[in-house]
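Have a look at the structure below, then the notes.
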Amino acid sequence: MATNLDQLPERLRRLDEVAFKEFMLAFGSRLYRFFRSLSLQPADAESLATSCLTDVGLKIDQFSSRGPGSFERWVLKLARVAFINEWRKRDQASSLADPSHYWYESAWLGMPDDAVNAAVEKGMAALSETDRDIVRWRHYEQELSFAEIGQRLKMSEEAVRVRHHRALKKLEAFLSEHPAVVAWQKRNSRQAVAQEMANDER
Amino acid sequence: MSDESVNNLLSRDGAGFPVAAWLPPLLRATEPVPESFQAECLRAAEVAFTLARMRQASETFPAAPMAVPAFLKGLAAVAKRPLEPVLLWAGLRPDEPAGPAFAAAWVLIARGLRLGLREALVRLRLTFADEVGLELAPALARARGAAGGPADLIEYESYLDREVAHWAPDVLARLGAGEQAVREAYRQADVE
């Protein structure tokens, strides 16, 4: 059964042990992907996500509800602060490209939901094993170059490029007509995000 | 595929890859979460829940002159929670001599318990007092003479201020570094 996010804060406040687990499982993957989308490496994204989860659990008494969705926005706020602090610890000399609240909120709201994740998984499963490896190594955690992938597969760099291109075209053909992906694209347009933010403020 | 079309494709691949612009970001955003991550999330739940329960327990916990390990063990017992996950999370090793690493781990827990800087520092000093073999409760009772009644952490603090002058230089150096780490972590957390 899906967790009712709007009831979670009260249950966490009452120190309901099950609510702590539900919260971590409901938000863990989202926080991980959020930090990955902000260019953190997998191990760092994992570590910052779990640190945020613990932080939310410990600060829950500081949350005050402002209607539906406010808990999620509060979690995002803590995640944003955690990310900025992490960034400063790593490289105090550089500044964030666009540290506006809007930017983080767009990244958060633009994250694919479970239906989109399932669609991509299905599309990936339809590729050959080699093509799947190429796409994974190129776009997932390691982000290898075509030359590095070629070394792994004992293929030329050029051959990897071509297979990669064809694999993406297959994925594009499958996903561009998938209802969940179409809905995600609509949601993800800047206009839709801006509208949602405006609705929240009303 | 002819050589010409492959070259055509390759030449476009670097600068303007002719697949939908939304696809690469989507792939990245749907990257599978590591299998071990779910277990990490459940560990985070256990730590947060235990710390929250210990924080609740601390509201009624007596201000006894306990070193950090004994204090945490006592709180966990009152909260009826296992302490080990919290120690692992913070990286606190109760059996090792206290120093900056111990202090940094202690701060994580102390802040989770919402202890103020002063109490965090006193409990760190109490840990060193324990290490040098100072039996604080009877010593303080003797010092207080007929005043009677239970002492509070502030009394321990002033008593310890006098006692530390007699400690060995290496212990004092570790204590200084530990206290510095605690102050710095609290200052940093306040800034954040």
Side-chain angles (χ1 to χ4, degrees), chain A residues 12 15-17 19-25 27-29 32-33 36-37 42-43 46-47 49-58 60-61 81-82 84-85 110-112 116-117 119-121 124 135-136 138-141 143 146 158 161-162 164-165 168-169 171-172 175-176 181 184-185 188, chain B residues 1 3 5-14 17-57 79-81 85-86 89-90 108-109 111-114 188-189 191-192:
Chain A
L12 289 170
L15 298 189
D16 170 350
E17 188 172 5
F20 274 75
K21 287 181 182 161
E22 282 179 20
F23 164 70
M24 307 291 172
L25 293 176
F27 279 86
S29 301
Y32 173 84
R33 289 192 168 121
R36 285 287 289 139
S37 76
E46 215 172 310
S47 158
T50 49
S51 159
C52 270
L53 292 170
T54 311
D55 210 28
V56 170
L58 289 171
I60 191 62
D61 54 338
V81 170
I84 293 170
N85 288 334
M111 280 195 300
V116 178
N117 282 309
V120 174
E121 206 174 304
M124 288 286 285
V135 174
R136 274 199 301 117
R138 181 71 178 161
H139 296 276
Y140 289 170
E141 72 264 35
E143 295 174 16
F146 291 125
E158 289 71 24
R161 273 179 197 269
V162 172
H164 170 257
H165 173 79
L168 288 198
K169 276 299 191 190
L171 279 174
E172 183 187 334
L175 293 172
S176 62
V181 177
W184 169 76
Q185 282 178 296
N188 207 23
Chain B
M1 188 181 274
D3 283 353
S5 58
V6 169
N7 287 337
N8 223 356
L9 186 62
L10 296 179
S11 66
R12 284 184 292 162
D13 187 36
F17 198 58
V19 292
W22 50 265
L23 186 56
L26 175 63
L27 287 173
R28 186 171 182 149
T30 54
E31 172 190 335
V33 173
E35 282 177 21
S36 59
F37 184 62
Q38 184 157 319
E40 289 297 323
C41 290
L42 291 174
R43 261 193 288 278
E46 189 175 23
V47 168
F49 179 68
T50 299
L51 276 171
R53 287 281 299 267
M54 286 170 69
R55 187 161 73 204
Q56 197 178 43
K80 297 191 173 100
R81 297 292 302 167
V86 173
W89 164 75
L108 277 179
I109 300 176
R111 289 199 62 87
L113 295 173
R114 298 244 173 92
Q188 189 63 37
V191 169
E192 291 170 7

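Order of the sequence lines fixes the chain letters, A, B, ..., with proteins taken first and strands second; residue numbering starts at 1 for each chain.
- Proximity to chain B (any heavy atom under 4.5 Å) is restricted, for A:V135, to the side chain, taken from C-beta onward.
- The two atoms that bring B:R28 and A:R36 nearest to each other are NH2-O, 3.4 Å, heavy atoms only.
- Judged as a salt bridge (charged side-chain N to carboxylate O under 4.0 Å, His left out), and not counting sequence neighbours, the contacts of B:R81 are A:E17.
- A distance of 13.5 Å separates SG of B:C41 from CD of A:E22, quoted to the nearest 0.5 Å.
- Proximity to chain A is limited to the side chain of B:R55, based on heavy atoms less than 4.5 angstrom apart.
- Between chain B and the residues A:M124, A:R138, A:K21, A:E46, the most heavy-atom pairs under 4.5 angstrom are made by A:E46.
- With sequence neighbours excluded, the residues forming a salt bridge (charged side-chain N to carboxylate O under 4.0 Å, His left out) with B:R43 are B:E40, listed by chain and number.
- Here OG1 of A:T50 is found 12.0 Å from CG of B:L42. Values are rounded to the nearest 0.5 Å.
- Between chain B and the options A:V56, A:D16, A:V181, A:D61, the largest number of non-hydrogen pairs under 4.5 Å is found for A:D61.
- If you measure heavy-atom distances from A:S51 to chain B, you find no contacts under 4.5 Å at all.
- Of all the heavy atoms in A:L175 and B:W22, the pair that sits closest is CB-CH2, 3.9 Å.
- Heavy atoms closer than 4.5 Å to chain B are found nowhere in A:D55, neither backbone nor side chain.
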Can you list the steps and then say if B:L27 with A:L171 is a side chain to side chain contact (heavy atoms under 4.5 Å, CB included)? CA-CA 10 Å; B:L27 287 173; A:L171 279 174; 4.0 Å; yes
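- Relative orientation of the A:Y32 and B:F37 rings is tilted, given thresholds of 30° and 60° on the angle between their planes.
- Residue B:A48 comes nearest to A:T54 through the heavy atom pair CB-O, 4.0 Å, listed as atom of the first residue, atom of the second, then distance.
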Assess whether side chain to side chain contact (heavy atoms under 4.5 Å, CB included) is satisfied between B:Q38 and A:L25, documenting all intermediate values. CA-CA 7 Å; B:Q38 184 157 319; A:L25 293 176; 3.5 Å; yes
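- With a 4.5 Å cut-off on non-hydrogen atoms, A:E121 does not touch chain B at all.
- The shortest side-chain heavy-atom distance between A:H139 and B:P24 falls under the 4.5 Å cut-off.
- Between chain B and the residues A:S37, A:A49, A:A19, A:G28, the largest count of heavy-atom pairs under 4.5 Å involves A:G28.
- At a 4.5 Å heavy-atom cutoff, the contact between B:Q56 and chain A is made by side-chain atoms alone.
- When the candidates B:S36, B:P25, B:A44 are compared by the number of heavy-atom contacts under 4.5 Å with chain A, B:A44 comes out ahead.
- The contact between B:L51 and chain A is made by backbone and side chain atoms together, counting heavy-atom distances below 4.5 Å.
- Residues A:L12 and B:F49 form no side-chain contact, since every pair of their non-hydrogen atoms from C-beta on lies 4.5 Å or further apart.
- When every heavy atom of A:E172 is checked against every heavy atom of B:A20, the shortest pair comes out as OE1-N, 3.1 Å.
- The shortest heavy-atom contact between B:A52 and A:F20 is CB-CZ, 4.4 Å.
- What you find for A:P112 and B:T30 is that their closest heavy atoms are CG-CG2, 3.6 Å.
- Taking A:N117, A:L15, A:I60 one by one and counting their heavy-atom pairs under 4.5 Å with chain B, the maximum is reached by A:L15.
- Side-chain N or O atoms of A:R33 include one that pairs as donor or acceptor with a backbone N or O of B:E31 at under 3.5 Å.
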